A.B. asks: 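Could you have a look at this structure, given as structure tokens, before my questions?
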Amino acid sequence: MFTIDSVSRRSFLAATSAMALARGASSGDRLKAGLIGCGGRGTQAAVNLLTGNENVEIVAMADVFEDKLESSLNKLRSDGGFIARDAGITVERNGKPVQLKADELVASVQSRIKVKPEYHFVGFDAFQKLINANVDIVMLTTPPGYRPQHFEAAINAGKHVFTEKPIATDPVGVRRFMAAVKTAEAKKLTVMSGAQRHAHREYIETVDKIHNGAIGDIVALNSNYLSGSGVPRHCTGSEVGRHGMGASQLVFVHLDLRRSDRGAALPQHRLHQLGYGTHPIEVVASGGASWRTREELYGNIYDHMASDFVYPNGVRLSSHCRQYPNGLYRNVSDLIVGTKGRSTGLDMGAKGINPYVQEHIDMVKSITGAGPYINQGMRVAESTMTAIMGREAAYSGMKITWDMIMASKQDLQPKEFDYKLKMDQAPLPVPGSYKFV
């Protein structure tokens with residue numbers, strides 16, 4: 001066992017590089033990444049990964065729907081305007097800072113999309129086929145209901161993982177994810193979450209100053225996520241037409257809960273960034289569906305929610321979230337109140353590069369040993385459980401404690417998978433009738 005204090009930095013980096021090689025990471029060769037979930041978020045994440053790291057290539061892709069996979073791959077191979085969004089940022093190339101020009105960035109990214117036909121995996125078992133392929137990094141960007149199963153399989157296979165948030169839609173899934181996180185820790189596998197605030201320079205520097213007493217002791221937090229929603233459905237009409245209602249339900253039914261979790265999850269990610277290092281002890285919440293009609297396509301979730309989280313030291317987080325039609329009032333903001341002042345969480349730091357790119361730079365450095373080891377699995381799991389805790393409080397009308405949600409037996413994962421399987425429509429939760437389990 002060695003420490004940074006007991007050896008030189010050069011020896012330390014050499015040792016961590018050796019550890020990286022032992023974990024299956026390449027040294028001089030490029031790292032090979034595979035994408036599971038080829039929608040908009042996954043396609044953008046693939047570009048972010050390649051933008052930030054010249055030593056990575058995409059070699060495999062997986063999705064339940066073939067047209068989704070092929071559309072994503074075509075975009076990566078031919079849509080230069082999509083790829084060039086981050087042109088102008090400064091990243092490291094050959095050990096030196098380089099400002100990326102649009103044409104050079106597009107050429108670099110497209111040259112590293114190396115997905116051969118035999119590595120186009122389609123179907124409900126496509127995730128396992130990709131994990132079994134020759135990849136170092138598995139990117140998980142599907143709807144979150146399937147994340148615990150996919151994450152567990154990737155970690156058991158010894159892969160490094162980028163996982164989007166949230167990481168589950170029910171307590172059983174979160175606990176399954178948590179168990180796999182412990183396995184990842186034992187194997188020293190890198191786990192990077194899509195909680196991009198952890199890579200946002202303005203936020204990181206502001207938080208550091210708050211830690212050092214810039215606003216005194218924190219006494220309260222407020223977070224708003226009042227957003228628009230173009231198509232707040234768990235599957236669009238065009239997808240139903242192409243794939244059938246049964247298939248679309250199986251894949252997108254969890255997107256309902258992802259949307260309801262979102263307003264509670266994002267403030268919690270930010271609270272963890274503040275370094276409380278703990279989870280809330282209880283929450284009371286309320287909400288409803290004020291504009292979504294009770295059509296099957298719209299699912300059964302609330303479109304607005306207000307939650308009051310209480311933490312062990314008595315600090316309260318007031319979270320207000322909603323998804324109303326586009327064009328209405330929008331507000332995405334935080335307020336951190338201290339005994340000596342206030343902060344927005346972004347007002348005391350210098351501007352950095354796109355955090356969606358920076359998080360992938362940090363991940364690859366962890367894998368290769370060029371940076372500190374990163375495993376954000378437990379943090380994002382607790383954040384997701386906090387979001388579910390708030391949702392269940394709103395749906396049930398009860399005060400939900402951390403111990404209650406950690407012991408909950410709620411399991412929303414379908415037990416059968418078939419393109420023609422029809423799922424019953426769940427009713428809109430009504431406090432007093434909805435049962436917390």
Side-chain angles (χ1 to χ4, degrees), residues 25-122 126-127 129-131 133-142 159-164 192 194 196 199 352-365 367-368 370:
S26 303
S27 179
D29 297 333
R30 285 178 175 171
L31 292 165
K32 295 177 172 59
L35 177 66
I36 300 177
C38 301
R41 178 76 279 271
T43 307
Q44 183 63 65
V47 172
N48 296 150
L49 172 63
L50 299 185
T51 297
N53 304 280
E54 61 179 347
N55 62 331
V56 182
E57 57 191 21
I58 304 293
V59 300
M61 296 173 70
D63 201 280
V64 170
F65 299 129
E66 185 175 13
D67 60 336
K68 284 282 189 181
L69 189 157
E70 298 302 331
S71 175
S72 173
L73 185 54
N74 182 63
K75 196 173 189 70
L76 291 171
R77 284 174 169 168
S78 62
D79 192 342
F82 176 72
I83 294 171
R85 292 178 180 179
D86 281 308
I89 69 171
T90 299
V91 298
E92 187 176 295
R93 291 289 189 263
N94 297 318
K96 297 179 181 179
V98 174
Q99 188 175 47
L100 298 178
K101 297 179 181 179
D103 56 343
E104 294 173 347
L105 174 59
V106 172
S108 174
V109 168
Q110 291 181 341
S111 70
R112 289 177 286 130
I113 304 297
K114 298 184 175 181
V115 187
K116 297 178 181 179
E118 59 267 32
Y119 288 93
H120 297 200
F121 301 114
V122 177
F127 77 95
K129 292 177 180 177
L130 183 144
I131 289 169
N134 184 27
V135 296
D136 303 299
I137 303 168
V138 174
M139 304 177 72
L140 302 179
T141 57
T142 66
K159 310 297 183 180
H160 306 284
V161 173
F162 170 79
T163 173
E164 259 304 338
M192 175 62 73
Q196 73 280 358
I353 69 169
N354 181 353
Y356 288 96
V357 174
Q358 186 65 58
E359 64 188 0
H360 290 286
I361 294 174
D362 296 342
M363 175 181 70
V364 170
K365 286 185 175 180
I367 293 170
T368 63

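Owing to the predicted nature of the structure, the values given are computational and were not obtained by experimental measurement. As a basis for the values below, the full set of heavy atoms in this structure was taken, side chains included, without hydrogen atoms, waters or symmetry mates.
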A.B. asks: Under the 3.5 angstrom rule, does the side chain of Ser78 hit a backbone N or O of Asn74 as a donor-acceptor pair?
C.D. replies: yes

A.B. asks: Does the side chain of Pro355 reach to within under 4.5 Å of the side chain of Glu359, using non-hydrogen atoms?
C.D. replies: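 In short, these two side chains do not touch, never coming nearer than 4.5 Å.
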
A.B. asks: I need the minimum non-hydrogen distance between Phe162 and Thr141, along with the two atoms involved.
C.D. replies: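 Heavy atoms only, the tightest pair is CE2-CG2, 4.3 Å.
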
A.B. asks: Looking at every heavy atom in both Lys114 and Arg30, which two are closest together, and how far apart are they?
C.D. replies: NZ-NH1, 3.8 Å

A.B. asks: Taking all non-hydrogen atoms of both residues into account, name the closest pair between Val106 and Ala84 and its distance.
C.D. replies: CG2-CB, 3.9 Å

A.B. asks: Report yes or no: is the cationic atom of Lys129 (NZ for Lys, CZ for Arg) under 6.0 Å from the centre of the six-membered ring of Phe121, at an angle within 45° of the ring normal?
C.D. replies: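 Cation-pi check for Lys129 and Phe121: fails.
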
A.B. asks: Roughly how far apart are Arg41 CZ and Ser72 OG, rounded to 0.5 Å?
C.D. replies: 11.5 Å

A.B. asks: For a quick check under 3.5 Å, do Gln358 and Asp362 share a side-chain donor-acceptor pair by atom type?
C.D. replies: yes

A.B. asks: Is a donor on one side and an acceptor on the other found under 3.5 Å between the side chain of Lys32 and the backbone of Asn134?
C.D. replies: no

A.B. asks: Ignoring hydrogens, what is the shortest heavy-atom contact between Cys38 and Met61? Give both atom names and the distance.
C.D. replies: SG-CE, 3.7 Å

A.B. asks: Mind checking the CG-OG1 spacing from Asp86 to Thr51? Nearest 0.5 Å is all I need.
C.D. replies: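 Rounded to the nearest 0.5 Å, the CG-OG1 separation comes to 5.5 Å.
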
A.B. asks: Once you round to the nearest 0.5 Å, how far does OG1 of Thr43 lie from CD1 of Ile58?
C.D. replies: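 Rounded to the nearest 0.5 Å, the OG1-CD1 separation comes to 10.5 Å.
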
A.B. asks: Are the side chain of Gln99 and the backbone N or O of Thr90 linked by a donor-acceptor pair below 3.5 Å?
C.D. replies: no

A.B. asks: Can you tell me how far CD of Gln196 sits from OH of Tyr356, rounded to the nearest 0.5 angstrom?
C.D. replies: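 That separation rounds to 3.5 Å.
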
A.B. asks: Under the 3.5 angstrom rule, does the side chain of Asp79 hit a backbone N or O of Phe82 as a donor-acceptor pair?
C.D. replies: yes

A.B. asks: Rounded at 0.5 Å granularity, tell me how far CG in Leu31 sits from CG in Leu49.
C.D. replies: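 Output value for this atom pair is 8.5 Å.
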
A.B. asks: At what distance, to the nearest 0.5 angstrom, does NZ of Lys68 lie from CG of Leu73?
C.D. replies: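 The NZ atom of Lys68 sits 14.5 Å away from the CG atom of Leu73.
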
A.B. asks: In a check of side chain to side chain contact (heavy atoms under 4.5 Å, CB included) between Val98 and each of Arg93, Glu92, Glu54, which one passes?
C.D. replies: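 Between Val98 and the candidates, side chain to side chain contact (heavy atoms under 4.5 Å, CB included) is satisfied uniquely by Arg93.
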
A.B. asks: Quick one, Leu76 with Val109, criterion side-chain contact (heavy atoms from CB on, under 4.5 Å). Give me CA distance, side-chain angles, the key distance, then yes/no.
C.D. replies: CA-CA 8 Å; Leu76 291 171; Val109 168; 5.6 Å; no

A.B. asks: Considering non-hydrogen atoms only, spot the tightest contact between Ala33 and Val56 and give its length.
C.D. replies: CB-CG1, 4.1 Å

A.B. asks: So, for Ala46 and Leu35, which heavy atoms are closest and what is the spacing to 0.1 Å?
C.D. replies: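 Scanning both residues, the minimum pair turns out to be CB-CD2, 4.5 Å.
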
A.B. asks: Measure from the side-chain N and O atoms of Asn53 to the backbone N and O of Asn55, and report whether any donor-acceptor pair falls under 3.5 Å.
C.D. replies: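 Side chain of Asn53 to backbone of Asn55: no pair is present.
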
